[in-house]
Amino acid sequence: PEGFEKVLAGPLGNIYEGASRPGHFDGVVTVVSRLFELAQPKSAIFGEKDFQQLTLIKKLKSDVDIIAAPTIRESDGLALSSRNMRLDPAARKAATIISRALFAASQEKSVVSAHTLMLQILSDEATFTCDYAEIIDENEFTPATQSTPHARAIIAGWINGIRLIDNMVMKQGAHS
């Protein structure tokens, strides 16, 4: 619509999820910016499940206090998502490979071994098509190293044509 300026997500909006969904994050930050402008909230809550989106919203030039809500998980570890309803029972069971890979990686002592283990676990599920599985510096979205103080594992892929994303902070011992 006319009457307001399109906001660009910048380079962070073009990697990982942004690479798979070109222009998506430009739309997200434009809509959220406009919403903040109109509603003028003091704070807003966004989930960590879409960590890249949360990070982009935190980077908006705004006086709104952005609160990160932790990812809610099903009892089997699968991150809660409206997309889960689109999974048939077999695909739903297969989707737990993502959280299993994240939990395992988060316990590793090194970034390299964590990344290797994550990829190995994901490859065990034939119905999972991986888009990306990385361990990143959660502030810069660059590859994590052993000295990265805040590392996070991120995964995206498809099961039966349904795109699923998840992430998990790395435990202290996994990157120190």
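No experiment lies behind these values; they were computed from the predicted model shown. Numbers here are sequence positions counted from 1.
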(request) Write down the atom of A151, the atom of I135, and the distance for their closest heavy-atom approach. (result) CB-CG2, 4.2 Å
(message) Hydrophobic cluster membership, with links at side-chain heavy-atom distances under 4.5 Å among I/L/V/M/F/W/Y: are F103 and I136 in one?
(response) no
For residues 137-144, tabulate all N or O donor-acceptor pairs below 3.5 Å that involve a side-chain atom, not counting sequence neighbours.
| residue | atom | partner | partner atom | Å |
| --- | --- | --- | --- | --- |
| D137 | OD1 | N139 | N | 2.7 |
| D137 | OD1 | E140 | N | 3.1 |
| E138 | OE1 | R152 | NE | 2.8 |
| E138 | OE1 | R152 | NH2 | 3.1 |

(message) Is it the case that the side chain of H115 and the backbone of A153 share a donor-acceptor pair, with hydrogens and angles ignored and the cut-off at 3.5 Å?
(response) no
(request) Check L12, V32, D50 against L56 for a side-chain contact (heavy atoms from CB on, under 4.5 Å) and give me the one that passes. (result) L12
(message) Using every non-hydrogen atom in the two residues, find where L54 and G47 come nearest and quote the distance to one decimal.
(response) CB-O, 3.9 Å
(request) Measure from the side-chain N and O atoms of E125 to the backbone N and O of T127, and report whether any donor-acceptor pair falls under 3.5 Å. (result) yes
(message) Count I, L, V, M, F, W, Y as connected when their side-chain heavy atoms are under 4.5 Å apart, and connections chain through other members. Are I154 and L102 then in the same cluster?
(response) no
(message) Donor-acceptor check, side chain of D26 to backbone of L8, threshold 3.5 angstrom: yes or no?
(response) no
(message) If hydrophobic clusters are built from ILVMFWY residues whose side chains come within less than 4.5 Å, do L122 and Y16 share one?
(response) no
(request) Please check if the side chain of Q53 supplies one atom and the backbone of F25 the other of a donor-acceptor pair under 3.5 Å. (result) no
(request) Provide the closest heavy-atom pair for S110 versus Q146 in the form atom of the first, atom of the second, distance. (result) CA-OE1, 3.1 Å
(message) Would the distance check show the side chain of T129 and the main-chain N or O of G157 forming a donor-acceptor pair, the cut-off being under 3.5 Å?
(response) no
Which donor-acceptor pairs under 3.5 Å do the side chains of residues 62-78 make with protein atoms, sequence neighbours left out?
| residue | atom | partner | partner atom | Å |
| --- | --- | --- | --- | --- |
| S62 | OG | V64 | N | 3.0 |
| T71 | OG1 | K49 | N | 3.2 |
| R73 | NH1 | G77 | O | 2.9 |
| R73 | NH1 | D166 | OD2 | 2.8 |
| R73 | NH2 | D166 | OD1 | 2.9 |
| R73 | NH2 | D166 | OD2 | 3.4 |
| R73 | NH2 | N167 | O | 3.2 |
| D76 | OD1 | L78 | N | 3.2 |
| D76 | OD1 | R92 | NH2 | 3.4 |
| D76 | OD2 | R92 | NH1 | 2.6 |
| D76 | OD2 | R92 | NH2 | 3.2 |

(request) Identify the heavy atoms of M170 and A114 that sit nearest to each other, and give their distance. (result) CE-CB, 3.6 Å
(message) Looking at every non-hydrogen atom in both residues, tell me the closest pair between A95 and I159 and how far apart they are.
(response) CA-CD1, 3.3 Å
(message) Applying salt bridge (charged side-chain N to carboxylate O under 4.0 Å, His left out), can you list everything that pairs with R163, at least two apart in sequence or on another chain?
(response) E17, D131
(message) Please say yes or no: joined through hydrophobic side-chain contacts below 4.5 Å, possibly via intermediate residues, are I162 and I165 part of one cluster?
(response) no
(request) Would you name the heavy atoms of L60 and S33 that are closest together and state the gap between them? (result) CD2-OG, 3.4 Å
(request) Report yes if some heavy atom in the side chain of K58 is under 4.5 Å from a heavy atom in the side chain of T55; otherwise report no. (result) no
